[in-house]
Participant: 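Next up is a structure, given as structure tokens.
Computed over heavy atoms, backbone and side chain alike; hydrogens, waters and symmetry mates excluded. Just follow the structure's listing: the first ligand is 1, and inside any ligand the first atom is 1.
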Amino acid sequence: MAPVIVQTTPFNDQKPGTSGLRKKVAVYSQPHYVANFVQSIFDVMDGIRGQTVVVGGDGRFYNAEAIQIIIRMAAANGIGRLLVGRGGILSTPAASNVIRKHKAFGGIILSASHNPGGPDGDFGIKYNTGNGGPAPERITDAIHRRTGEITEYRTVEAPDLDLDRLGETRLDGMAVEIIDPVADYADLMESLFDFGRIRAMFQGGFRMTFDALSAVTGPYATEILENRLGAPAGTVLNGTPLPDFGGHHPDPNPVHAHDLVAAMTGPNPPDFGAASDGDGDRNMIMGPNLFVTPSDSLAVLAANAHLAPGYSAGLKGIARSMPTSRAADRVAAKLGIPGFETPTGWKFFGNLLDAGMATLCGEESAGTGSDHVREKDGLWAVLLWLNVLAVRGEPIGRIMTGHWREYGRDYYTRHDYEDIDTATADALMADLRAALPTLPGKAFGDTSVEAADDFEYRDPVDGSVASRQGVRVILKDGSRVVYRLSGTGTGGATLRVYMERYEADPAGQDRDAQEALSGLIAIADRIAGIRSRTGREAPSVIT
Ligand code: G16
């Protein structure tokens with residue numbers, strides 16, 4: 001079968017964002033759109049010929065079509081062996097694990113993560129390198145440059161492969177192996193956590209609800225929680241992955257995970273509640289009538305990780321993205337280990353994990369993970385929580401208040417203004433940046449600005465610099481406001497405003513976060529003029 005060379009012309013919108021190239025399905029399904037991007041990956045990744053590559057996606061609408069295009073192109077581009085998740089499905093952390101376990105050259109992951117799916121929803125493709133993690137910016141920049149020059153791509157003429165049958169076939173000179181998407185991942189989890197103890201906790205009547213939001217984690221959660229850990233059938237809600245996520249917005253937050261929130265705030269709530277997102281890398285943690293912020297979750301998990309067998313030797317360091325609250329820094333300080341502050345995007349953790357400088361990483365955007373893979377990992381976070389709960393034998397609410405009493409509480413909230421006019425959002429950020437030198441000393445009520453900057457990160461391992469990563473305003477009392485535009489949306493712009501205030505006094509630690517932060521929320525609006533510029537009276541989503 002000779003490769004077919006197809007002539008093409010560049011698309012001018014193939015610049016990867018925070019995590020790969022995310023676009024509406026209508027954009028992705030244009031002729032040559034997937035092929036141009038994938039050929040650009042193959043062109044840029046020197047040495048990929050003859051190697052093993054992993055392919056899988058979150059199963060959303062257009063996954064099946066895109067994966068067949070990629071398989072044919074992989075054969076034409078001389079890939080030696082392609083590992084494909086059964087049905088074309090692999091959760092993002094499972095794909096990271098497969099890349100590492102099989103020492104693959106890299107992987108192509110089809111996912112738009114927490115973005116909505118279906119014909120009118122979003123689709124995405126990203127490239128992960130041999131360490132299992134998202135490609136760093138120098139590679140995504142090179143891929144983007146290539147998309148602007150491309151004139152042809154290579155494919156083979158062949159019928160669609162049957163992706164539902166496990167085992168090996170050949171396409172042209174390339175071996176294609178269809179692998180079980182769940183087994184390796186479930187084994188990895190079993191190697192990190194005390195399944196015996198968690199099983200005993202379930203046997204003792206512990207109840208939990210896991211909402212898979214009709215997305216990719218359903219089969220993983222059912223296998224691990226119900227089959228291996230003995231949680232009763234029905235523990236996993238919405239456990240069948242559907243191409244349109246059954247109409248769910250697969251973003252695990254208090255707004256979109258409504259079935260979970262209803263269960264956890266209704267009569268006789270379970271002891272523990274959790275949800276994951278479209279591709280299985282995010283997590284949401286709840287207790288009865290309690291939402292644990294991702295920032296707090298990272299801090300509590302860091303303080304208790306040694307209770308799980310995989311982390312009993314202790315942590316080497318803790319890394320968090322800049323907008324994530326500083327709660328984890330307090331734990332790092334107490335443990336006497338380094339704490340790192342990186343830009344938003346899991347790709348920035350890769351070097352720290354590879355160099356053995358950090359063990360746990362987390363982001364306010366519902367991502368937590370460790371050095372077991374190179375992606376954030378929703379079910380991993382849930383299992384570490386279960387391990388901690390099983391060993392400590394205390395309700396989650398008590399663990400949270402105990403943590404705040406010991407370390408103080410970082411009240412935290414994120415306000416998202418979704419789908420605002422791009423020009424308005426860009427102007428708001430440009431004016432904020434321009435105002436940075438004038439902000440220090442400026443008074444707001446009984447406080448004033450201590451410092452303000454645009455976050456810049458120098459990677460301590462390779463020295464690469466990422467600038468313009470978000471505007472930070474620190475007030476005299478240490479409170480902080482961060483402004484940045486989302487890099488994962490596909491329509492208009494999303495302004496994210498992150499606010500936090502530290503409360504050391506135990507008497508003040510049990511308030512509602514929105515109420516405790518109301519003064520800071522008002523200051524954040526005054527500094528940036530959010531309401532007057534966007535015309536929005538309130539954020540679209542509050543987490
Ligand atoms: C992606 C990245 C995360 C990042 C998040 C937020 O998450 O993988 O590391 O924190 O985007 O992005 P933004 O604030 O730019 O929208 P996911 O789960 O969408 O892959």
Participant: Where the closest heavy atom to atom 4 (C) of ligand 1 is concerned, which of E375, E363, R414 has it?
Facilitator: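 The nearest heavy atom belongs to E363.
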
Participant: Among Y498, Y483, F455, which residue meets the side-chain contact (heavy atoms from CB on, under 4.5 Å) test with P323?
Facilitator: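 In the set Y498, Y483, F455, the residue that makes a side-chain contact (heavy atoms from CB on, under 4.5 Å) with P323 is Y498.
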
Participant: Report the nearest protein non-hydrogen atom to atom 11 (O) of ligand 1: residue, atom name, distance rounded to 0.1 Å.
Facilitator: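 For atom 11 (O) of ligand 1, the nearest protein heavy atom is T488 CG2, 3.3 Å.
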
Participant: For ligand 1, find out whether one of its N or O atoms is nearer than 3.5 Å to an N or O atom of G487.
Facilitator: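 The answer is yes, given that G487 and ligand 1 share an N or O pair closer than 3.5 Å.
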
Participant: Could you tell me whether R326 and E364 make a salt bridge, using a distance below 4.0 angstrom between a side-chain N and a carboxylate O?
Facilitator: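 Salt bridge between R326 and E364, a charged N being under 4.0 Å from a carboxylate O: no.
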
Participant: Any chance the rings of Y33 and F11 have centres within less than 6.0 Å?
Facilitator: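 Centroid separation for Y33 and F11: below 6.0 Å.
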
Participant: Going by the atom numbers of ligand 1, which of them fall below 4.0 Å from some non-hydrogen atom of S486?
Facilitator: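 Checking each atom against S486, I get 13 (P), 15 (O), 16 (O).
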
Participant: Please state which protein non-hydrogen atom is closest to atom 8 (O) of ligand 1 and give its distance, to 0.1 Å?
Facilitator: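 Looking at atom 8 (O) of ligand 1, the protein heavy atom closest to it is K376 NZ, 2.8 Å.
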
Participant: Would R22 count as a cation-pi partner of Y28, with NZ or CZ less than 6.0 Å from the six-membered ring centre and within 45° of the ring normal?
Facilitator: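 No, cation not above the ring by the 6.0 Å, 45° rule.
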
Participant: So, does R22 sit close enough to ligand 1 that a heavy atom of it is under 4.0 Å from the ligand?
Facilitator: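 R22: in contact with ligand 1 (<4.0 Å).
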
Participant: Any atom of ligand 1 sitting under 4.0 Å from a heavy atom of R484?
Facilitator: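 R484 counts as a contact of ligand 1 under the 4.0 Å cut-off.
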
Participant: Against ligand 1, does G367 come closer than 4.0 Å with any heavy atom?
Facilitator: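 Not so, G367 does not reach ligand 1.
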
Participant: Salt bridge check: are R472 and D454 linked by an N-O gap of less than 4.0 Å?
Facilitator: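 So R472 does not pair with D454 through a salt bridge.
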
Participant: Are Y407 and H403 close enough that their ring centers fall under 6.0 Å?
Facilitator: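 That pair passes the under 6.0 Å test.
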
